[in-house]
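As structure tokens, the structure follows; a few thoughts come after it.
Sequence lines set the chain letters: A, B, ... in the order given, protein chains first and strands last, and positions in each chain run from 1. Only heavy atoms go into these numbers, but all of them, side chains included; no hydrogens, no water, no symmetry mates.
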Protein chains: 2
Amino acid sequence: MDQDKLISPKRHRRVTAQDVADAAGVSRSAVSRAFTEGAYLDEEKRQRVRAAALDLGYRPNALAAGLQGGRSHLVAIFVGDMRNAYDTEVVTRLVGALNAIQKWPILIDGGGLSSVKEAMGEVLRYPLDALILRSGSMDPAIARECTKLHIPVISSGRVLYHPQIDNVCCRNQEGSQAAAQLLLDRGRVRFGYIAGPAGYSSSSARQDGMTRALAAAGLTPVAVEQGDFTVEGGLAAAERLFERARLDALLCANDAMAIGALGAARARGIDVPNDLSIVGFDDISMARWPGINLTTVCNPIDIYADKVVELLAARLADPEKPSDVAYIDTHLVLRGTH
Amino acid sequence: MDQDKLISPKRHRRVTAQDVADAAGVSRSAVSRAFTEGAYLDEEKRQRVRAAALDLGYRPNALAAGLQGGRSHLVAIFVGDMRNAYDTEVVTRLVGALNAIQKWPILIDGGGLSSVKEAMGEVLRYPLDALILRSGSMDPAIARECTKLHIPVISSGRVLYHPQIDNVCCRNQEGSQAAAQLLLDRGRVRFGYIAGPAGYSSSSARQDGMTRALAAAGLTPVAVEQGDFTVEGGLAAAERLFERARLDALLCANDAMAIGALGAARARGIDVPNDLSIVGFDDISMARWPGINLTTVCNPIDIYADKVVELLAARLADPEKPSDVAYIDTHLVLRGTH
DNA sequence: CATGTCTATGCACACGCGTTCAGATACCCG
DNA sequence: CGGGTATCTGAACGCGTGTGCATAGACATG
């Protein structure tokens, strides 16, 4: 102790409850009680403790408190790729919603990381209150490992069928079907589709929705190309489409690619929306920017984030409850490109 | 108590080192050593312990480890407003850079929160390795409180002069000056400016840069309007400007507002760039999207984030080192609107 | 006065881990 | 065989809390 001080006199120790107790002339228990709602403590003494705490800059160490077996109030959010605009917007809302209920989100970005699995392993060393998965190609083994650790998992954007994992997912197929129907009603007949990378269920479900609407009208898609959910990828995919076929309707698996496609069409002198309709999916904030003004299927972000937090709260309240899948309804947003 | 146990008899305890020790038939110390690099432990025994740990799904509890006085590996990032595109992009890079060095960022979004101060107070209960401030109007009292807790603070986008706070900041004035010079060289003379909200030093520094370049050419700005750093705000501000004066050059305090201004100009039938040059600031990813293709001042995000992490590492290595201000150089990105 | 209820307080334990310390075992050299 | 060294091991402590438990006093009720 004395020796410690000599060795590293400057390595500042955090102010502890004992320090406050000494300063206020009370026992350490009293300090703890002064910060605990509903604990018996003389009001005058409580004031004295809080004054001393304020003076010393004391606040109860959340790590030590979390060790007690209670909640840590830490929640991890694993994001498939934060450079994706829709994912970022969802994460933004999630962070806000979690902050509002005093949960503190730790972010892990799969997009910027070489060894996602290792990172997840490190973060799982913290006794998390929950893990939120946002899209991305997370190794399902990790999700299973979490349930083994008895950490609630909530998956968003991709349904994981597991008895202990809750899911939030929008009605991709219905949304896309409605978009295709809109264009059919407008008289469009030569449909193209720009898909996302293979393995993303949202992309294929959206494609299915379009195909189904076309089939009901006795049509089939003229051409399909694959993009990578980015603007540049959408632009490139659209150029390939335009080479292959003359279209009058183009549905895209997400808004970013639709924006790219819009750029490709304009560069080629195609009149949108007179000669070609382009419809995206998600309704990211940029879709309503001037110069873009994209007609799209709204995948309502606020509702989405709120639902995730709602499921989280329900799961924390009853860890044994059966797993749940919440479906979010989409709706068309008519702007200038259909 | 007993009642609790009856209500949730299954409240699963986390697997602990003792559990692994029992399973492997060794002491708890041995388990700890099995996970500690450079500790004496019979190799055969270490293998046995790790096998048992893998089987039980054990991993050392980071909370308990952090209590030891070492680092917690938790870093808080306070973001002024995550709905701001530039801030989100910086945060994205920061998250990636921190993940890469095994630091786990806790996000707090000032934009989505009613009581920022309270939220910060709660997060400061964790023994953070550091606090990163990203723009925003954080109460300086909180930053001071952090230094009181001996938590390193790194401010980005706004220089806080405090002996224990490191800063990263781009050369706003020089960047804006160069942009103005570009347009002067092109023969522009009637300059307008769309500023950010009052109190943002970056906005005023950028305005100063423009004013200085104009002064050197014997000119003064024709009109200045104030926006709120959003696309919509930029659009509205530009409309007010166009009402007031006929301009041939328009500089904006950030890209988002420049994109809004671009929309306003086009809606009014103004030919950009032939009749009007518009230049933004930041070079967010959308600036290069088709249909936008904005000429702007690049505020290099990667370098920015790397610098923050570099300062963080230096501060952790030597907590007593004098505070530092790292200035980031900007450069012009010539696209289609100048 | 006897008994019971309510409030207030300090002690001591538990949380899960890293690490120090003292002791034990194995090995080599003289 | 004795003594020194290197390797291994378990018991024990401390990190900073929250909280159960026992005790003590204040007060009301019978």
With B:S202 via side-chain contact (heavy atoms from CB on, under 4.5 Å) - residues at least two apart: B:N172, B:Y200, B:R206, B:F229
Rounding to 10 degrees, work out the angle separating the end axes of the helix from C:dC1-D:dG30 to C:dG30-D:dC1 (five pairs an end). 50°
All salt bridge (Lys or Arg N to Asp or Glu O under 4.0 Å) counterparts of B:D306, not counting sequence neighbours: none
Candidate pair A:L74 and B:W104, rule side-chain contact (heavy atoms from CB on, under 4.5 Å), full reasoning: CA-CA 11 Å; A:L74 296 175; B:W104 311 114; over 6 Å; no
Return the polar atom pairs (N/O with N/O) between nucleotides 26-28 of chain D and the protein under 3.5 Å, or none.
none

Are any of the side-chain nitrogens in B:E310 or B:K307 under 4.0 Å away from the carboxylate oxygens of its partner? yes
Please check this pair: side chain of B:D109 against backbone of B:M82, looking for a donor-acceptor N/O pair closer than 3.5 Å. yes
All side-chain contact (heavy atoms from CB on, under 4.5 Å) counterparts of A:A65, not counting sequence neighbours: B:R125
Here's a test for you: under side chain to side chain contact (heavy atoms under 4.5 Å, CB included), which of B:L98, B:I101, B:D129 qualifies with B:H73? B:D129
Nucleotide D:dG18, atom P - distance to CG of B:L67 in whole Å: 12 Å
For A:R46, which residues count as a side-chain hydrogen bond (donor to acceptor under 3.5 Å, both in side chains) partner, sequence neighbours excluded? none
Tell me every residue that passes side-chain hydrogen bond (donor to acceptor under 3.5 Å, both in side chains) with A:R315, counting only those two or more places apart in sequence or in another chain. A:D166
Quick one: A:R71 CZ to C:dC15 P, roughly how many Å, whole number? 17 Å
Please enumerate all residues that pass ring-ring contact (aromatic ring centres under 6.0 Å, His included) together with B:H162, with sequence neighbours excluded. none
Atom pairs, protein N/O to nucleotides 6-8 of chain D N/O, distance under 3.5 Å:
from: D:dT7; atom 1: OP2; to: B:Y40; atom 2: OH; distance (Å): 3.4

Protein-proximity profile, nucleotides 17-27 of chain C, B/S/- by nucleotide at the 4.0 Å heavy-atom cutoff, equals BBBB-------
May I ask you to check whether A:Y126 and B:Y126 place their ring centres under 6.0 Å from each other? no
Listed once per pair and sorted, the side-chain hydrogen bond (donor to acceptor under 3.5 Å, both in side chains) pairs that draw on residues 20-43 of chain B, sequence neighbours left out: B:Q18-B:D22, B:E43-B:Q47
Looking at residues at least two apart in the chain, or sitting in another chain, which of them share a salt bridge (Lys or Arg N to Asp or Glu O under 4.0 Å) with A:E44? A:R48
Rounding to an integer number of Å, can you tell me how far A:H73 NE2 sits from D:dT17 P? 15 Å
In whole angstrom, what separates B:R13's CZ from C:dC15's P? 8 Å
